[in-house]
Amino acid sequence: MRADLFLVEHGHAATRSQAQRLIAAGVQWRVDVDGPWKKIAKNGDELPAAAELQLLDTTEARYISRGGLKLEGALKATGLDVTGLRCLDIGQSTGGFTDCLLQHGAAQVVGVDVGHGQLHASMRDDPRVVGIEGVNARSLTADDLLEHYRRALHLDGDGDEGAYDDADGDDEFADSDEEGEADDEGDDAAAHASPPAEDSFTPAFDFLTGDLSFISLTLVLPAVARLLKADGHLLMLVKPQFELQPGQIGKGGIVREPALFAFVEKRLRDTCADLGLEVLGWMESAIEGGDGNREFFVHARKDHNVAADSKPLVAAPARNLPKRTPRSEQRALHAAHEDSEEAHAGQHGPARRKQRD
């Protein structure tokens, strides 16, 4: 089996990309207990099924994605403590930020992502996590979030709450009594409690974080800042390549000009000020972006009596998606022209041999 797949299959990495970073950091293997260790040279190296692995650097495996390392660095730099807090993770994706928050003691993380099916199973199955998919945070309101939360915690057939509406619809939150009990070692019960029932959930959070791509934070913050409680803290990852115009970005999509980083910082500081967010810090991410871009974190605290919360939000532009043909119609069309020349007209595929009389 390929080395990167081997690491995933045997639980050493959550994804192939994480496995590849672990291999780059150093992984060695052996079959015999007394045999010599052999270093994995490349991702495609073949490993025997009985191979024993040893990670030379486990940093990359601390969280389910390297996003967790970015947020961990920012939490350390700011001295923020998320223990016992209810957190909102915008751009949840696979859940690297969510994983970091949970490992640092967060009581609950509600994640919002415009995509589908990206959240890692370990996060999706954690009773402290509620993942909301297919939602554009740019125009998200408190009422919208409450409705999405209710859908994520849909009632099962018996009317008992707790089913999690994921892509397959078959994952369930563990029973609250079992998950909420502290063990003999005195674990914090709140850290393992089931999420609040929909009738007791309030869309106001103690802590806000996020990792967004292909959209400027200036478009998202006006909506999500309203979901932060007064005196709540915000720690958002800033990706300059998505805050600038295409002409300002260098070859390979990399931002290199120091003046542009200063421009992005001022722009985000001004946006925060307009939204009643007091910027407490601006720092470079401890981990650079996967494409080589420098990234930053903006740390802010929400003021009291924020007038911006009452202003109407700018609606997100409509997405011009091509109309999809229902599967029933596709099957009917296929059945009518099965293996005929008409069924393949205008479609990509392997060349079809010309039939001779």
Side-chain angles (χ1 to χ4, degrees), residues 67 70-71 74 78 80 87-93 97 110-115 132 134-142 144-145 203-205 207-230 232-250 253-285 288-289 291 293-303 305-319:
K70 297 179 184 179
L71 183 57
T78 58
L80 286 172
C87 307
L88 180 61
D89 180 5
I90 302 297
Q92 190 176 36
S93 188
F97 275 25
V110 175
V112 175
D113 199 276
V114 73
I132 296 172
V135 173
N136 190 336
R138 178 177 178 175
S139 54
L140 184 65
T141 67
D144 292 336
L145 184 59
F205 296 86
F207 182 80
L208 170 64
T209 191
D211 177 358
L212 298 170
S213 297
F214 306 107
I215 189 170
S216 169
L217 288 182
T218 62
L219 299 175
V220 177
L221 284 176
V224 299
R226 304 178 185 212
L227 305 173
L228 186 63
K229 293 179 180 178
H233 285 257
L234 168 153
L235 197 56
M236 298 290 290
L237 182 66
V238 181
K239 298 180 176 181
Q241 65 270 33
F242 301 124
E243 304 294 337
L244 299 168
Q245 297 299 316
Q248 297 174 296
I249 301 173
I254 307 297
V255 181
R256 295 183 173 86
E257 293 294 330
L260 293 176
F261 296 128
F263 171 79
V264 170
E265 179 181 353
K266 183 180 185 307
R267 190 181 183 206
L268 267 297
R269 284 181 177 272
D270 290 344
T271 298
C272 287
D274 291 341
L275 297 174
L277 299 168
E278 179 189 2
V279 176
L280 303 177
W282 178 273
M283 69 219 71
E284 190 160 356
S285 172
E288 73 175 16
D291 58 1
N293 264 305
R294 290 174 62 188
E295 297 178 347
F296 303 85
F297 276 92
V298 58
H299 173 209
R301 180 177 58 220
K302 188 172 183 179
D303 297 334
N305 303 318
V306 180
D309 283 0
S310 60
K311 295 180 180 179
L313 291 174
V314 178
R319 301 175 66 190

May I ask you to test the [X]-[Y] pair for a side-chain heavy-atom distance under 4.5 Å?
X      : Y      : value
Ser285 : Phe297 : yes
His299 : Leu80  : yes
Leu140 : Leu227 : yes
Val255 : Arg294 : no

Is a side-chain donor or acceptor of [X] paired with a backbone partner of [Y] at a separation under 3.5 angstrom?
X      : Y      : result
Lys239 : Ser213 : no
Asp211 : Gly91  : no
Asn293 : Gly253 : yes
Gln248 : Gln245 : yes
Glu243 : Leu217 : yes

In Å and rounded to the nearest 0.5 Å, what is the [atom1] to [atom2] distance from [X] to [Y]?
X      : Y      : atom1 : atom2 : value
Asp274 : Leu221 : CG    : CG    : 11.0 Å
Leu219 : Phe242 : CG    : CZ    : 13.0 Å
Arg267 : Leu260 : CZ    : CG    : 12.0 Å
His233 : Thr78  : NE2   : OG1   : 8.5 Å
Leu280 : Leu235 : CG    : CG    : 10.5 Å
Phe207 : Lys229 : CZ    : NZ    : 14.0 Å

For [X] and [Y], work out which heavy atoms get closest and say how close.
X      : Y      : answer
Phe97  : Gly67  : CE1-O, 3.0 Å
Arg269 : Trp282 : NH2-CB, 3.6 Å
Gly210 : Asp89  : CA-OD1, 4.0 Å
Arg138 : Ala223 : O-CB, 3.4 Å
Ala225 : Leu275 : CB-CD1, 4.5 Å
Ala142 : Pro203 : O-CG, 3.5 Å

Walk me through whether Val264 and Phe296 qualify under side-chain contact (heavy atoms from CB on, under 4.5 Å). CA-CA 10 Å; Val264 170; Phe296 303 85; over 6 Å; no

For Leu277 and Val298: C-alpha separation, side-chain torsions, deciding distance, then whether side-chain contact (heavy atoms from CB on, under 4.5 Å) applies. CA-CA 11 Å; Leu277 299 168; Val298 58; over 6 Å; no

List the steps and the verdict of side-chain contact (heavy atoms from CB on, under 4.5 Å) for Phe263 and Glu257. CA-CA 10 Å; Phe263 171 79; Glu257 293 294 330; over 6 Å; no

Would Leu145 and Ile132 satisfy side-chain contact (heavy atoms from CB on, under 4.5 Å), going step by step from the backbone distance to the final call? CA-CA 9 Å; Leu145 184 59; Ile132 296 172; 3.6 Å; yes

